[in-house]
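Quick note: residue numbers are just sequence positions, from 1. All values reported here derive from a predicted model rather than from experimental measurement.
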Amino acid sequence: MSDNVVHLHKPTDPTDDTAPTVLTVVPDAPPERPVPLWVRSGRAIKSGVTHERTKSTMRAVARHSLYTLNGSRIVARRAWDGRTGSRYERMIRAAEAAGNLEAAEEWEERLQRFRAARHHRRMDLLHSPVEAAKGVAVGAGMSIGVLVALGVVLALNTGHVGDVITPLTATIDFIALLIRIVQIVWGPALTIGPFLALLALWSVGRKQHAAPNWALPANVRNGEGEPITPSIVVKALRDLGVPALARAIKEMGDAGASMLGPIRIAGCGVEVDVTLPSGVATNEVQGKRRKLAENLTRHEHEVFITIPEAARTVRLWIADSGALDEPIGPSPLVTDETLTANYKTGRAPWGQDLRGDAAELSVYQRHLLVTGLSNQGKTAALRALALWLALDRSVEFWIADLKGIGDWAPFDGIAKVLIEGPSDSHCVQATEMVEDAVEEMNRRIEEVRKDPSLVFPPLIVLVDEAQKAFMCPAKGEDGRPYGGSKATSRYFMAVREIHNQGRAVDVLMWQGTQDPTDQNLPKLVREGAHTRASLVVGTESQAEMALGAKAVNAGAAPHLLRQGLDKGTLVVASDGITIPAGQASITVRTHFIDDEPAAEIAARAKALRDGVATLHAVDRDQERDHLADVAAVIGDATRLRTDEVLKRLHALDTAVYREWNNGRLKRLLEEHGEEPKKSHGVMVVRRDDVTRALANRDADGSASAAE
């Protein structure tokens, strides 16, 4: 047990303040160990060597030294090429490596001509010393003779015999002056000459960037503003990751330069044709667009690869860095109030191509399809074309805007029909509008058969957001669906009929749709359009739906456009727009026309017209006297076949009688105590029967009124 006692009470004795205070002295920390001089010197040297300013200085020294060294190598090689046939031999080897035997034979002929000319010059040198000596002697003699003759003339004029040698003396003094000048300049020239030569070699190396990449300036090393040169293009192709291409370039004596055509300025970029060597397919280069762009120090969207007519050739269009992010100018429709349109001969100012040239589209007898992802400028592109065409007063518009947010409101007073709204009922009305256009087309065809000289005003049937019409679930009274992609679909079949025959009588179908699939844009409909344009889409298969497999295989790539950044940029496949020879499509940056300018253009279009009462719905329930209409279409005929009666009813009012058939006509007559009868085995409607039916109805009505 412990002997320690713990006191629980606080002691009451006062503390002794006189007790001395004990101070604890904390010793100072020992001094740091001195750093040896060689360590400090090493750190200072390392800091100085690794400093960014030192790196920049060393990089500059290495760069300019290598400019001079490699510049002398370039000049020496050029001189060697000029004096020998090595350049021709390189081109022959390159042509053979590329499998181009015709080019190899041509270069071989040039080499033979060069060697023959060089041999002729060397043979001339054997005789030139003697001929030169003779020439000098004859020239000196003639010069002295001329000077003496001049002196004689001078002496005769002055009367002094000594003037005979005055011209000769003056010439000798002039030669002596030239010799003195050369003696004075010769020393400094010998001193300065080597420096001037080095400066010239440095200039050559600098222009060719003849230094390693690490030594080049930052803007060149990072690719900012780097010009596209043959060596850069060949290097980008060599590093593309296609073994056969890299091997062929390595075997070419000219390092692949013979593959390239001339580099041409094309708008905000350059264009060059590349003839691929044997064993390399064009799709191998097309499939590596991103890597090729990065090898050229460009973004993927700044390089376009197309296939021209020439075999085994790809055409590269390479934009200047950042040029495609700059907006294009306003539409001529906005800036030129005197601009007019002509449906047949005119071209709509739609935008600019990548070369910076105006992209103008002819819409004459061409069905149109514009597709792409949502909110990328589809409606704006369609509306720009319609606004231009509205300036032709002969053109009639029937428009269904199934988005319904007012994009097409400026056409109120221009379009004869304007349906705006996203609901199923609006889709039904849009379908019925297209069906009315089919009836109008059939009427025109029938009249043309009777009189081939007839010309009808153009009718543009435009459906924006057409995918909603294809996906509409509503059904008609006969059970047929309005939407869908089968033969029972009313919208699908109406569009197909217009595609088949509409252009012959200038009834044209324009559609805008988004995010195309086989369900919302059936194959038969999209392939029926003569002009197909696509904004950015999600996949290559959608690009094929929008433009067709042929255009995509030839380089059209709307799926490689940037969503949100390339708004209004379309890839167009059409014979209505100028496309470079050998290409199947063209990329167009369309003009954007905002709502206020669009309203102003629409006002100009309305001023050209006498006034159009716009119908905002297709009324299927309007009241007509069906029995009176049947009597009217029969006229003075004793009887008419039922199909002829139906045909005349359709012509009388397409909107009401479109869906009528033999059964509906029979029910109408039965309601009034009559019915169609057969005549010679054919169902007919007799005028007397219809007259009695009218009389019976009137009698029934009078009796009801009397009661």
Side-chain angles (χ1 to χ4, degrees), residues 367 369 398-402 404 417 419 421-443 445-446 459 461-502 507 509-511 513 516-529 615 617-624 626 629-630 642-668 670-671 676 683:
H367 303 300
L369 172 65
W398 295 3
I399 299 175
D401 175 16
L402 299 183
V417 179
I419 299 167
S423 66
D424 287 345
S425 63
H426 292 101
C427 294
V428 168
Q429 291 184 13
T431 301
E432 293 172 346
M433 179 189 76
V434 178
E435 290 176 335
D436 288 348
V438 173
E439 293 298 329
E440 172 64 15
M441 175 190 73
N442 292 333
R443 183 188 67 80
I445 292 174
E446 189 65 29
L459 171 59
V461 184
L462 192 155
V463 180
D464 195 9
E465 304 296 340
Q467 76 280 353
K468 296 182 71 66
F470 282 110
M471 301 298 289
C472 179
K475 294 183 179 182
E477 294 180 359
D478 58 355
R480 291 179 59 198
Y482 284 91
S485 58
K486 297 182 179 179
T488 55
S489 167
R490 293 175 58 172
Y491 182 80
F492 170 75
M493 292 306 297
V495 173
R496 284 293 299 143
E497 289 187 50
I498 294 178
H499 278 177
N500 289 337
Q501 294 180 292
V507 177
M509 191 74 207
W510 289 13
Q511 293 183 99
T513 181
T517 65
D518 284 328
Q519 288 72 38
N520 64 27
L521 187 60
K523 180 178 180 181
L524 292 178
V525 169
R526 60 184 185 245
E527 291 185 351
L615 179 66
V618 178
D619 188 1
R620 287 301 190 190
D621 299 322
Q622 56 183 313
E623 293 295 332
R624 292 194 67 99
H626 302 308
D629 286 345
V630 173
T642 54
D643 57 351
E644 181 64 23
V645 173
L646 291 171
K647 185 176 180 181
R648 293 187 181 187
L649 287 173
H650 290 176
L652 177 65
D653 192 327
T654 303
V656 174
Y657 295 111
R658 171 196 307 280
E659 300 177 7
W660 277 50
N661 51 30
N662 289 335
R664 182 69 180 86
L665 181 60
K666 181 180 179 181
R667 288 196 301 273
L668 172 67
E670 288 177 345
E671 289 173 2
M683 294 298 295

- Task: Run the numbers on Phe470 and Thr513 for side chain to side chain contact (heavy atoms under 4.5 Å, CB included), then give the verdict.
- Result: CA-CA 10 Å; Phe470 282 110; Thr513 181; 5.8 Å; no
- Donor-acceptor pair, side chain of Ser485 and main chain of Pro522, under 3.5 angstrom: no
- Item | N/O donor-acceptor pair under 3.5 Å between Arg496 side chain and Leu524 backbone | yes
- Side-chain touch Met509/Val463, heavy atoms, less than 4.5 angstrom: yes
- Task: Please report the shortest heavy-atom distance between Arg526 and Leu521, naming the atom on each side.
- Result: NH1-O, 2.7 Å
- Report the C-alpha separation of Val438 and Met493 in whole Å, then their side-chain angles, then the decisive distance to 0.1 Å, and conclude whether the side chain to side chain contact (heavy atoms under 4.5 Å, CB included) test is met. CA-CA 10 Å; Val438 173; Met493 292 306 297; over 6 Å; no
- Query: What closest approach, in Å, do Ile498 and Val507 show between heavy atoms, and which atom pair accounts for it?
  - Reply: CG2-O, 3.7 Å
- Query: Are Ile399 and Val417 close enough that some pair of their side-chain heavy atoms sits under 4.5 Å apart?
  - Reply: no
- Message: How long is the straight-line distance from OH of Tyr491 back to CZ of Arg480, given to the nearest 0.5 Å?
- Response: 14.5 Å
- Could you give the distance from CG (Leu369) to CH2 (Trp510), rounded to the nearest 0.5 Å? 12.5 Å
- Going through the distances and angles, do Val525 and Gln511 end up as a side chain to side chain contact (heavy atoms under 4.5 Å, CB included)? CA-CA 10 Å; Val525 169; Gln511 293 183 99; 3.4 Å; yes
- Heavy atoms only: give me the nearest Glu432-Tyr482 pair and the separation to one decimal. OE2-OH, 3.6 Å
- Message: Is there a side chain to side chain contact (heavy atoms under 4.5 Å, CB included) between Trp398 and Leu462? Walk through the geometry before answering.
- Response: CA-CA 6 Å; Trp398 295 3; Leu462 192 155; over 6 Å; no
- Note on the structure: Taken to the nearest 0.5 Å, the spacing of Lys666 NZ from Met683 CE works out to 6.5 Å
- Query: Which atom pair, heavy atoms only, marks the closest approach of Ala430 to Ala400?
  - Reply: CB-CB, 3.6 Å
- Query: Should Pro473 and Asp424 count as side-chain neighbours, where that means a heavy-atom distance under 4.5 Å?
  - Reply: yes
- Note on the structure: Rounded to the nearest 0.5 angstrom, the CD-CE distance for Gln429 and Met433 is 10.0 Å
- Aromatic plane relationship, His367 with His499 - under 30° parallel, 30 to 60° tilted, over 60° perpendicular: tilted
- Note on the structure: Rounding to 0.5 Å, atoms CD1 (Ile419) and CG (Asp464) come to a distance of 13.0 Å
- Task: Would you give the length of the straight line joining atom CZ of Arg664 to atom CG of Leu649, rounded to the nearest 0.5 angstrom?
- Result: 10.5 Å
- When Arg443 is tested against each of Glu439, Glu440, Glu446 for side chain to side chain contact (heavy atoms under 4.5 Å, CB included), which residue passes? Glu440
